[in-house]
K.L.:
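Below you will find the structure I want to go over with you.
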Amino acid sequence: MHAGRRPPELSGDGKIFYGPPTVNWMWLGNRPKRDGSGTEVYPVNYQSVEFEDNTLVAFGHFTPHSISNPGRDCVDCHNNFGGTNAAIEDYNDDGIIDVTGWDGAALNFPTGVVPLPEDYQTSLHFDFVTTNDLGATWEFLKSGADEIQVLTDFVTPLSTGQMSALGMTGP
């Protein structure tokens, strides 16, 4: 761990969260169907942490409150929130989705539907930040995750066919 600095997500009051946007942003992957008959596309979420100079990202499915009435309409996801899709354009341009990018003042996140691609180990890029003042200010820590895990008992990446249906072609 860096001298004189707490683990970046911990404080005396609990975790310090630098979170993604809460609107116009949804990850998609596959999860096992409840009846065991295969998989279904489902919202996915991730958690990223840094501890003792090691960075980890872990993906799993989650049940958002936004998929029940009066939640999102089908076109909200299937139309990629009504515009171009930055994550898919990013992937098609260079094979990388910049999940978090530090611009010197803040982390930036893609908007729209963000697919969890089969090549997630090489295609997802994360910048990590830390804080010394309980989240009042943030500073760049590291670019790139040391490890990315997908909790495959609960979620799997989108298939090549599913990615193609979303318009993902790769570079």
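If you're wondering where the values come from, they're calculated on a predicted model, not measured in any experiment.
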K.L.:
Tell me which one of T130, D53, N54, T55 satisfies side-chain contact (heavy atoms from CB on, under 4.5 Å) with K142.
P.N.:
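Single side-chain contact (heavy atoms from CB on, under 4.5 Å) partner of K142 among T130, D53, N54, T55: T55.
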K.L.:
Tell me every residue that passes side chain to side chain contact (heavy atoms under 4.5 Å, CB included) with T137, counting only those two or more places apart in sequence or in another chain.
P.N.:
D133
K.L.:
Over all heavy atoms of both residues, which pair between T39 and K33 is shortest? Give the atoms and the distance, please.
P.N.:
O-CE, 3.4 Å
K.L.:
Assess the pair Y120 and Y46: is the distance between their ring centroids shorter than 6.0 Å?
P.N.:
no
K.L.:
Any side-chain heavy-atom pair from V57 and L124 closer than 4.5 angstrom?
P.N.:
no
K.L.:
Please report the interatomic distance CG(L158) to CH2(W27), rounded to the nearest 0.5 Å.
P.N.:
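The CH2 atom of W27 is 10.0 Å from CG of L158, to the nearest 0.5 Å.
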K.L.:
Can you see which heavy atom on P32 is nearest to which on D153, and at what distance?
P.N.:
CG-O, 3.7 Å
K.L.:
Within this structure, what is the OG1-CE distance for the pair T169 and M163, rounded to the nearest 0.5 Å?
P.N.:
9.5 Å
K.L.:
As an exercise, state the distance from NE2 of H61 to CG of N30, rounded to the nearest 0.5 Å.
P.N.:
12.0 Å
K.L.:
For the residue pair G60 and V155, what are the closest heavy atoms and their distance?
P.N.:
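Shortest heavy-atom separation between G60 and V155 comes out as CA-CG1, 3.6 Å.
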K.L.:
Looking at every heavy atom in both I97 and A87, which two are closest together, and how far apart are they?
P.N.:
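Heavy atoms only, the tightest pair is CG1-O, 3.6 Å.
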K.L.:
Decide whether F154 and V114 are clustered together by the hydrophobic rule: side chain heavy atoms of Ile, Leu, Val, Met, Phe, Trp, Tyr closer than 4.5 Å, transitively.
P.N.:
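Different hydrophobic clusters.
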K.L.:
Measure the spacing between CG of L116 and OG1 of T156 and express it to the nearest 0.5 Å.
P.N.:
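Nearest 0.5 Å value for the CG-OG1 distance: 8.0 Å.
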K.L.:
Distance check, rounded to the nearest 0.5 Å: F109 atom CZ versus F126 atom CZ?
P.N.:
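Here the rounded value is 10.0 Å.
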K.L.:
Membership question, hydrophobic clusters at under 4.5 Å side-chain separation (ILVMFWY): are L151 and V44 in the same one?
P.N.:
no
K.L.:
M168 and I96: same hydrophobic cluster, using ILVMFWY side-chain contacts below 4.5 Å?
P.N.:
no
K.L.:
Is a donor from one side chain sitting under 3.5 angstrom from an acceptor on the other, for D127 and T100?
P.N.:
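Distance-only check fails for D127 and T100.
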K.L.:
Working to the nearest 0.5 angstrom, can you tell me the gap between S143 OG and H125 NE2?
P.N.:
2.5 Å
K.L.:
Verify whether one side chain among N85 and Y91 offers a donor that lies under 3.5 Å from an acceptor in the other.
P.N.:
no
K.L.:
The test is side chain to side chain contact (heavy atoms under 4.5 Å, CB included); show your working for L28 and M26 and say whether it passes.
P.N.:
CA-CA 6 Å; L28 291 180; M26 179 182 289; 3.9 Å; yes
K.L.:
So, for S123 and G95, which heavy atoms are closest and what is the spacing to 0.1 Å?
P.N.:
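Closest heavy-atom pair between S123 and G95: CB-O, 3.2 Å.
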K.L.:
For N108, give me all partners under side chain to side chain contact (heavy atoms under 4.5 Å, CB included), at least two apart in sequence or on another chain.
P.N.:
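Only D103 meet the side chain to side chain contact (heavy atoms under 4.5 Å, CB included) criterion with N108.
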K.L.:
Which atom pair, heavy atoms only, marks the closest approach of T131 to G135?
P.N.:
OG1-N, 3.0 Å
